[in-house]
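In what follows, a structure is listed as structure tokens, so that the remarks can point back to it.
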Amino acid sequence: MWEEKDIDHIIASSDEITERARQIGAQITEDYKDHPPVLVALLRGSVPFLAELIRHIDLDIQYDFMDVSSYVGTHSTGDIRILKDLETSVVDKDVLIIEDIVDTGRTLSTVKKTMTHKGAKSVKIVSLLDKPSGRTVDIDVDYVGFTIGPEFAVGFGMDFDQKYRCLPYIGVLKKECYSK
């Protein structure tokens with residue numbers, strides 16, 4: 001396949017992602033059994049993870065989307081822009097923000113504050129990947145799929161300039177693909 005030549009190595013296979021989503025979904029089901037949360041997925045990268053995760057949450061949940069941008073290529077600009085806001089009210093509701101990867105923490109810090117200002121009762125973060133080495137803002141990830149190092153991950157929703165999103169696994173992009 002064309003994209004496989006650009007992948008240095010695989011971080012998590014499709015089966016590993018499914019199993020981890022099953023585990024996280026079971027934990028969310030237990031944690032929110034008496035008060036189903038609203039899931040707020042950040043477009044576009046979190047969509048495959050959201051689709052997999054909700055298959056494993058045994059609650060009557062709601063979900064909505066926000067489009068928040070801070071990246072150009074492989075780098076966060078630090079300028080957080082909300083391109084699409086929620087259509088669902090989160091007033092007095094428990095919110096789980098669904099993200100593909102937590103890197104600097106800036107985007108999630110802004111989104112978490114936004115949910116609080118919108119009147120959410122509680123706000124927690126669910127992320128497929130956590131990259132603590134990239135943090136510039138102190139933020140906790142409450143449910144983590146996989147923790148990674150400083151490599152640049154793509155696949156299962158994550159992209160480099162809108163490419164590689166549809167890979168069924170998470171891989172590390174070869175440096176020569178983004179350092180041109």
Side-chain angles (χ1 to χ4, degrees), residues 17 20-21 24-25 27-57 59-148 150 152-162 165 170:
I17 294 167
R20 191 65 188 117
I24 294 170
Q27 187 63 56
I28 289 170
T29 299
E30 178 62 27
D31 293 350
Y32 290 91
K33 64 185 171 200
D34 298 324
H35 47 98
V38 174
L39 277 57
V40 174
L42 302 185
L43 294 173
R44 299 178 192 157
S46 71
V47 171
F49 181 46
L50 172 70
E52 184 63 42
L53 183 63
I54 62 176
R55 293 179 47 222
H56 306 285
I57 298 174
L59 299 169
D60 186 20
I61 57 169
Q62 294 180 322
Y63 60 87
D64 200 347
F65 300 93
M66 285 183 77
D67 193 354
V68 183
S69 178
S70 68
Y71 269 79
V72 174
T74 62
H75 301 288
S76 175
T77 63
D79 177 27
I80 313 302
R81 298 177 299 132
I82 296 176
L83 307 174
K84 180 205 174 297
D85 205 349
L86 297 177
E87 295 176 21
T88 304
S89 172
V90 296
V91 173
D92 294 326
K93 295 180 182 174
D94 295 303
V95 172
L96 291 177
I97 301 169
I98 310 299
E99 180 64 297
D100 54 355
I101 184 168
V102 180
D103 190 354
T104 65
R106 287 185 194 133
T107 299
L108 282 171
S109 177
T110 298
V111 172
K112 192 170 182 176
K113 287 175 189 169
T114 300
M115 293 300 114
T116 301
H117 285 115
K118 287 178 178 282
K121 181 169 40 172
S122 72
V123 182
K124 292 192 175 183
I125 298 168
V126 184
S127 186
L128 179 58
L129 295 182
D130 186 19
K131 188 193 293 192
S133 63
R135 287 292 193 289
T136 59
V137 173
D138 187 31
I139 191 153
D140 293 322
V141 183
D142 302 283
Y143 302 91
V144 175
F146 304 93
T147 301
I148 65 169
F152 191 79
V154 294
F156 211 77
M158 291 169 283
D159 72 301
F160 170 67
D161 286 344
Q162 303 301 324
R165 279 193 199 280
I170 303 166

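What you are looking at is a predicted structure, and each value in this text was computed from that prediction instead of being measured. Numbering of residues begins at 1 and proceeds along the displayed sequence.
In terms of the side-chain hydrogen bond (donor to acceptor under 3.5 Å, both in side chains) criterion, residue partners of Glu30 (sequence neighbours excluded) are, by chain and number, Lys33. Not counting sequence neighbours, the partners of Tyr143 by the side-chain hydrogen bond (donor to acceptor under 3.5 Å, both in side chains) test are Asp31. Residues satisfying the side-chain hydrogen bond (donor to acceptor under 3.5 Å, both in side chains) criterion with Thr88, sequence neighbours excluded, are Asp64. Shown here are the ring pair (Phe, Tyr, Trp, His ring centres under 6.0 Å) partners of Phe65, two or more places apart in sequence or in another chain: Tyr63. Annotation: side-chain hydrogen bond (donor to acceptor under 3.5 Å, both in side chains) contacts of Lys118 (sequence neighbours excluded): Asp85.
Distance check: Leu108 CG to Asp140 CG gives 11.5 Å after rounding to the nearest 0.5 Å. Distance CD1/Ile101 to CD/Glu99: 8.5 Å, rounded to 0.5 Å. Here the straight-line distance linking atom CE of Met66 with atom OG of Ser46 works out to 11.5 Å at 0.5 Å rounding. Here Phe49 contributes atom CZ and Phe156 contributes atom CZ; the two are 8.0 Å apart, rounded to the nearest 0.5 Å.
Between Leu129 and Asp100 the shortest side-chain heavy-atom distance does not fall below 4.5 Å. Annotation: side chain of Val102 is not in contact with side chain of Pro132 (no heavy-atom distance under 4.5 Å). In this structure the side chain of Leu39 never reaches within 4.5 angstrom of the side chain of Gln62, judged on heavy atoms. Put simply, the side chain of Leu43 reaches to within 4.5 Å of the side chain of Lys84, judged on heavy atoms. Counting heavy atoms from C-beta on, the side chains of Ser109 and Ile139 come closer than 4.5 Å. Side-chain atoms of Ile61 and Tyr32, non-hydrogen and from C-beta on, never get closer than 4.5 Å to each other.
More than 12 heavy atoms of other residues, nucleotides or ligands shown are found within 6.0 angstrom of CG on Asp67. The number of heavy atoms from other shown groups lying within 6.0 Å of NZ (Lys113) does not exceed 12. Other residues, nucleotides and ligands place more than 12 heavy atoms under 6.0 Å from the CZ atom of Arg165.
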Using the rule given for side-chain contact (heavy atoms from CB on, under 4.5 Å), can you reason through Gln162 versus Arg44, listing the C-alpha separation, both sets of side-chain angles and the distance that settles it, and then say yes or no? CA-CA 10 Å; Gln162 303 301 324; Arg44 299 178 192 157; 2.9 Å; yes
Tell me, with the steps shown, if Val40 and Met115 meet side-chain contact (heavy atoms from CB on, under 4.5 Å). CA-CA 9 Å; Val40 174; Met115 293 300 114; 4.3 Å; yes
Name each donor-acceptor pair under 3.5 Å that joins a side chain in residues 90-98 to protein atoms two or more places apart or in another chain, with its distance.
unit_1, atom_1, unit_2, atom_2, d
Lys93, NZ, Ser89, O, 3.2
Asp94, OD1, Ser122, OG, 2.5
Asp94, OD2, His35, ND1, 2.6

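With hydrogens and angles ignored, the 3.5 Å screen pairs a side-chain donor or acceptor of Arg135 with a backbone N or O of Lys131. Using modelled atom types, one side-chain atom of Thr29 and one backbone atom of Gly25 make a donor-acceptor pair closer than 3.5 Å. With hydrogens and angles ignored, the 3.5 Å screen pairs no side-chain donor or acceptor of Asp130 with any backbone N or O of Thr147.
The one candidate from Ile148, Leu128, Val154 that meets the side-chain contact (heavy atoms from CB on, under 4.5 Å) condition with Ile170 is Leu128. Results of the side-chain contact (heavy atoms from CB on, under 4.5 Å) test with Thr107 over Thr110, Val111, Thr104 single out Val111 as the only residue that passes.
Considering all non-hydrogen atoms of both residues, Asp103 and Gly134 come closest at OD1-CA, 3.2 Å. In terms of heavy atoms, Pro37 sits closest to Leu59 at CD-CD1, 4.1 Å.
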